[in-house]
K.L.:
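After the structure tokens below, expect a handful of questions from me.
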Amino acid sequence: MVKSKFLTSLVVLILLLPYANATLPGPKAKKHLVLVHRACHGAWSWYKIVALMRSSGYNVTAIDLAASGINPKQALEVPHLSDYFNPLMKFMDSLPQHEKVVLVGHEFGGFAISKAMEIFPEKISVAVFVTAVMPGQTLNATRIYTEDFVLATTVLRPIYIYSVEDVSKEIVVSSRRYGSVRRVFIVAAEDNLLKKEFQKWTIEKNPPDDVEEIHGSNHMTMMSKPLQLSTSIANKYI
């Protein structure tokens with residue numbers, strides 16, 4: 001009887017072993033992650049990451065940019081990038097001065113978090129670009145936008161196609177403010193939208209503080225490899 005119970009326990013242990021590392025480490029303090037979606041998507045695209053991080057005790061906010069997700073505005077009501085970014089800017093402005101967040105942007109969300117880095121550098125501990133557009137002092141936003149992004153845009157919920165003039169005016173970053181925030185770029189190895197070559201080109205032209213590659217990830221890293229992405233952020237950048 002004792003031997004039978006022991007064998008049963010051993011079988012259960014073996015079955016559970018693969019999941020032993022499937023939980024994230026508990027936060028050193030209750031850190032706050034702010035997640036910004038790609039073009040045409042919304043806060044909903046982060047649902048797996050939100051669930052994983054909150055279950056491990058992190059404070060997580062996923063933002064709907066204007067005319068995205070459940071934000072009530074329509075694309076034609078958001079004719080300027082400043083309008084599109086407005087929900088994120090209002091959120092950042094509402095944070096207490098002493099609070100620093102981990103700001104995570106996916107794809108076109110890289111422009112949004114770059115703008116936030118320039119305006120609110122003192123409120124950001126690290127900016128994580130997940131297979132995202134990443135402008136900088138040596139790689140201006142208009143070059144990324146005109147050469148790569150517009151041709152790659154796909155439509156789920158329509159997005160306003162902003163003029164080059166608007167992009168060049170809105171995404172202006174400085175070494176004193178944007179440059180004071182630690183930057184991380186996460187490469188999605190199997191991304192068929194923002195190709196790996198484009199990601200490497202961005203990194204080469206505007207080197208971040210750290211680069212990590214998530215193998216087997218497609219463009220939607222937060223859906224295809226949510227555990228790896230969550231663990232990476234929790235272990236390295238919080």
K.L.:
Just verifying a value: how many Å separate Thr131 OG1 and Leu229 CG, rounded to the nearest 0.5 Å?
P.N.:
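These two atoms lie 11.0 Å from each other.
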
K.L.:
For Val104 and Met222: C-alpha separation, side-chain torsions, deciding distance, then whether side chain to side chain contact (heavy atoms under 4.5 Å, CB included) applies.
P.N.:
CA-CA 11 Å; Val104 183; Met222 66 285 296; over 6 Å; no

K.L.:
Under the side-chain hydrogen bond (donor to acceptor under 3.5 Å, both in side chains) test, which residues partner Asp209, sequence neighbours left out?
P.N.:
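Partners of Asp209 by the side-chain hydrogen bond (donor to acceptor under 3.5 Å, both in side chains) criterion come out as none, since no residue qualifies.
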
K.L.:
What distance separates Glu107 CD from Cys40 SG, expressed to the nearest 0.5 Å?
P.N.:
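Atom-to-atom, Glu107:CD and Cys40:SG are 7.5 Å apart.
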
K.L.:
Between Pro226 and Leu52, is there a side-chain heavy-atom distance shorter than 4.5 Å?
P.N.:
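When only atoms from C-beta onward are counted, Pro226 and Leu52 do touch, with a gap below 4.5 Å.
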
K.L.:
Hey, does Met134 have a side-chain heavy atom less than 4.5 Å from the side chain of Pro208?
P.N.:
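Yes, close enough: below the 4.5 Å cut-off.
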
K.L.:
Taking only residues at least two apart or on different chains, which pairs with a member in residues 42-60 satisfy salt bridge (Lys or Arg N to Asp or Glu O under 4.0 Å)?
P.N.:
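As it turns out, there is no salt bridge (Lys or Arg N to Asp or Glu O under 4.0 Å) pair with a partner in residues 42-60 once direct neighbours are skipped.
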
K.L.:
To the closest 0.5 Å, what do you measure between CD1 (Ile63) and CG (Leu35)?
P.N.:
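Answer rounded to 0.5 Å: 8.5 Å.
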
K.L.:
What distance do Phe129 atom CZ and Leu103 atom CG have between them, rounded to the nearest 0.5 Å?
P.N.:
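Interatomic distance, Phe129 CZ to Leu103 CG, rounded to 0.5 Å: 8.0 Å.
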
K.L.:
Which pairs with one or both residues in residues 219-238 pass salt bridge (Lys or Arg N to Asp or Glu O under 4.0 Å), sequence neighbours excluded?
P.N.:
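Listed by first then second residue: Glu212-Lys236.
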
K.L.:
When rounded to the nearest 0.5 angstrom, what distance separates CD1 in Ile186 from CD in Gln228?
P.N.:
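Answer rounded to 0.5 Å: 11.0 Å.
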
K.L.:
With sequence neighbours excluded, tell me which residues meet ring pair (Phe, Tyr, Trp, His ring centres under 6.0 Å) with Tyr47.
P.N.:
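Counting only residues at least two positions away or on another chain, Tyr47 forms no ring pair (Phe, Tyr, Trp, His ring centres under 6.0 Å).
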
K.L.:
Would you please name every residue forming a side-chain hydrogen bond (donor to acceptor under 3.5 Å, both in side chains) with Asp210, sequence neighbours left out?
P.N.:
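Counting only residues at least two positions away or on another chain, Asp210 forms a side-chain hydrogen bond (donor to acceptor under 3.5 Å, both in side chains) with Tyr237.
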
K.L.:
Looking at residues at least two apart in the chain, or sitting in another chain, which of them share a side-chain hydrogen bond (donor to acceptor under 3.5 Å, both in side chains) with Asn140?
P.N.:
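Partners of Asn140 by the side-chain hydrogen bond (donor to acceptor under 3.5 Å, both in side chains) criterion, ordered by chain and then number, come out as Thr142.
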
K.L.:
What salt bridge (Lys or Arg N to Asp or Glu O under 4.0 Å) pairs are there with at least one residue in residues 196-207, not counting sequence neighbours?
P.N.:
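The answer is Lys196-Glu213.
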
K.L.:
With side chain to side chain contact (heavy atoms under 4.5 Å, CB included) as the criterion, how do Met117 and Val173 come out once you've worked through the C-alpha distance, each side chain's angles and the decisive distance to 0.1 Å?
P.N.:
CA-CA 8 Å; Met117 291 162 66; Val173 297; over 6 Å; no

K.L.:
Donor-acceptor pairs under 3.5 Å, side chain of residues 174-184 to any protein atom, not counting sequence neighbours: which ones?
P.N.:
| from | atom 1 | to | atom 2 | distance (Å) |
| --- | --- | --- | --- | --- |
| Ser174 | OG | Glu118 | OE1 | 3.2 |
| Ser174 | OG | Glu118 | OE2 | 2.8 |
| Ser174 | OG | Arg177 | N | 3.3 |
| Arg177 | NE | Glu118 | O | 2.6 |
| Arg177 | NH2 | Ile119 | O | 2.8 |
| Tyr178 | OH | Pro135 | O | 2.3 |
| Ser180 | OG | Arg177 | O | 2.6 |
| Arg183 | NH1 | Asn206 | O | 3.3 |
| Arg183 | NH2 | Asn206 | OD1 | 3.4 |
| Arg183 | NH2 | Pro207 | O | 3.0 |

K.L.:
Work out which heavy atom in Met220 is nearest to a heavy atom in Ser45; give both atom names and the distance.
P.N.:
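Met220 and Ser45 have their closest heavy atoms at CE-CB, 4.0 Å.
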
K.L.:
Are the aromatic rings of His41 and His106 close, with centres under 6.0 Å apart?
P.N.:
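So the answer is no for these two rings.
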
K.L.:
side-chain contact (heavy atoms from CB on, under 4.5 Å) with Val172: which residues, sequence neighbours excluded?
P.N.:
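Here no residue qualifies.
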
K.L.:
Sequence neighbours excluded, which residues qualify as salt bridge (Lys or Arg N to Asp or Glu O under 4.0 Å) partners of Lys169?
P.N.:
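Checked Lys169 against salt bridge (Lys or Arg N to Asp or Glu O under 4.0 Å); zero matches.
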
K.L.:
Between Gln199 and Asp191, is there a side-chain heavy-atom distance shorter than 4.5 Å?
P.N.:
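Yes. Closest side-chain heavy atoms under 4.5 Å.
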
K.L.:
With sequence neighbours excluded, what pairs up with Glu99 under the side-chain hydrogen bond (donor to acceptor under 3.5 Å, both in side chains) test?
P.N.:
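In terms of side-chain hydrogen bond (donor to acceptor under 3.5 Å, both in side chains), with neighbours along the sequence ignored, Glu99 is linked to His32.
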
K.L.:
Could you state the interatomic distance from CD1 (Ile124) to CD1 (Ile113), rounded to the nearest 0.5 Å?
P.N.:
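If I round to the nearest 0.5 Å, the distance is 8.0 Å.
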
K.L.:
Can you see which heavy atom on Ile171 is nearest to which on Phe111, and at what distance?
P.N.:
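Looking at all heavy atoms of both residues, the shortest contact is CD1-O, 3.7 Å.
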
K.L.:
Please tabulate, for side-chain N and O atoms in residues 78-90, each donor-acceptor pair with protein atoms closer than 3.5 Å (sequence neighbours left out).
P.N.:
| from | atom 1 | to | atom 2 | distance (Å) |
| --- | --- | --- | --- | --- |
| Asp83 | OD2 | His80 | N | 3.2 |

